[in-house]
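The first residue in the sequence is number 1, and the count goes up from there.
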Amino acid sequence: MNGFEPNENGIAAGLEPENRRRRRGVYLLPGFLTVANMLCGFYAVLSTFEGGHSDFDKAAKAIGFAVLFDSLDGFVARATRTSTDFGKQFDSLADVISFGVAPAFLAYAWGVRMFMQGDPGPARHVYQLGWLVSFAFVICCAWRLARFNVHGMAPGGSRYFVGMPTPAAAGMIAATVHARKMPLDDWRWAVAWLALVAALAALMTSTVRYYSFKDIPWTRRQPSLALVVIGLLVWSIVVYSEEVLLLLAGTYAAAGVSLHVVRLVRHRMVSRPA
């Protein structure tokens, strides 16, 4: 005998308490980063409700920090092998707040809320369209996260996401608000803004592939030049955050669409009969 007698449920009595503790416990560091992500999203919603110009910028920055914490919790969980099903579900719920509800509120308040009391006409219709597009963004975010939880990454490894990642879509909204700061006061620009928000929502639910950066060997030795490049990037974000963050967010969003178009063209050229 191995020293452990099974109880009436068929479970070794000596192992039962420890197994229960493992099932009920959570890993603190990834969980803390997920809570920090959720806190940033909640703060972004509260700042948006305040409605001042500086409040919109604070909300945008909070969403940016939420993107950072979301990236860190996944990296830490993979690096320390503390990824659990509970952690994945908890992270998804936090993402709905930080990358669905918070950017949708921000997009609505910053882009179209001032047209609420406008005279009947185009401006009034823009306001009515604004809440619909914002709600669609939340739905697409939740749908994107649910699909990822079920199907995971694109086939063939962990290099690509299927559909635009929710942090990238939220980051595009936050970067635009952070770069301009002043709310939109022309209904024509508001229509263009809503078109962008709708496009981001559609990209989240699309099959367009986006690079995940998960195959980069962060824990292995890298050339010294890589450290210099990362240092310059961090410095440029700190000093020129408005321009650099908008450029990074826009480039990532456009890159996925561009590569998708290239793949479609190549596929049609290959499949075309000679």
Side-chain angles (χ1 to χ4, degrees), residues 60 63-64 67 70-71 74 92 95-96 98-100 103-104 106-107 111 126 129-130 132-180 184 188-217 226 229-230 233 236-237 242-274:
I63 293 174
V67 173
D70 182 66
S71 301
S92 293
D95 288 351
V96 171
S98 299
F99 309 135
L106 181 60
V126 168
L129 183 63
L132 179 62
V133 172
S134 300
F135 182 55
F137 186 90
V138 177
I139 294 175
C140 291
C141 174
W143 193 93
R144 167 69 175 77
L145 292 167
R147 183 179 67 178
F148 178 78
N149 288 345
V150 174
H151 298 293
M153 308 291 290
S158 60
R159 292 190 63 187
Y160 295 99
F161 294 109
V162 179
M164 190 177 195
T166 57
M172 185 67 203
I173 292 176
T176 304
V177 174
H178 178 58
R180 194 181 188 276
L184 299 179
R188 298 173 184 85
W189 280 111
V191 170
W193 172 244
L194 292 179
L196 173 62
V197 175
L200 293 173
L203 283 174
M204 285 192 289
T205 58
S206 71
T207 57
V208 176
R209 295 189 176 189
Y210 279 88
Y211 186 54
S212 68
F213 300 98
K214 291 184 179 181
D215 62 336
I216 298 178
V229 172
I230 293 175
L233 179 61
S236 63
I237 291 175
E242 291 89 349
E243 297 82 1
V244 174
L245 290 176
L246 183 59
L247 178 62
L248 292 176
T251 300
Y252 185 76
V257 176
S258 300
L259 293 177
H260 184 72
V261 172
V262 170
R263 292 190 190 99
L264 290 178
V265 172
R266 286 181 178 178
H267 178 72
R268 292 186 177 182
M269 292 180 64
V270 171
S271 60
R272 182 181 300 173

**Prompt:** F213 and R159: side chain to side chain contact (heavy atoms under 4.5 Å, CB included), yes or no, with the steps?
**Reply:** CA-CA 7 Å; F213 300 98; R159 292 190 63 187; over 6 Å; no
Rounded distance [0.5 Å steps], [atom1] in [X] versus [atom2] in [Y]:
X: L259; Y: Y211; atom1: CG; atom2: OH; result: 12.0 Å
X: L145; Y: T166; atom1: CG; atom2: OG1; result: 4.5 Å
X: H178; Y: E243; atom1: NE2; atom2: CD; result: 8.5 Å
X: M164; Y: T205; atom1: CE; atom2: OG1; result: 12.0 Å
X: H260; Y: T207; atom1: NE2; atom2: OG1; result: 5.0 Å
X: I63; Y: D70; atom1: CD1; atom2: CG; result: 13.0 Å

**Request:** With side chain to side chain contact (heavy atoms under 4.5 Å, CB included) as the test, would you mind laying out the steps for W193 and I173 before giving the verdict?
**Result:** CA-CA 9 Å; W193 172 244; I173 292 176; 3.9 Å; yes
**Item:** Side chains of N149 and S92, donor plus acceptor under 3.5 Å
**Value:** yes
**Item:** Six-ring centre of Y210, R144 cation under 6.0 angstrom, axis tolerance 45°
**Value:** no
**Request:** Just do the side chain to side chain contact (heavy atoms under 4.5 Å, CB included) check on R209 and F161 with the steps written out, would you?
**Result:** CA-CA 5 Å; R209 295 189 176 189; F161 294 109; over 6 Å; no
**Request:** Determine yes or no for a side-chain-to-main-chain donor-acceptor pair under 3.5 angstrom, with R147 supplying the side chain and V162 the backbone.
**Result:** yes
**Message:** Test your reading of the model: is there a side-chain donor-acceptor pair from S236 to the backbone of L233, 3.5 Å cut-off?
**Reply:** yes
At their closest point, which heavy atom of [X] faces which heavy atom of [Y], and how far apart are they?
X: A104; Y: V138; answer: CB-CG2, 3.4 Å
X: I237; Y: V244; answer: CG1-CG1, 3.7 Å
X: V133; Y: L194; answer: CG1-O, 3.7 Å
X: A174; Y: A60; answer: O-CB, 3.3 Å
X: A201; Y: A136; answer: CB-O, 4.3 Å
X: P103; Y: S98; answer: CD-O, 3.1 Å

**Prompt:** So M204 and L200, side chain to side chain contact (heavy atoms under 4.5 Å, CB included) or not? Walk me through it.
**Reply:** CA-CA 6 Å; M204 285 192 289; L200 293 173; 5.7 Å; no
**Request:** For the residue pair Y252 and P165, establish whether any side-chain heavy-atom pair is separated by less than 4.5 Å.
**Result:** yes
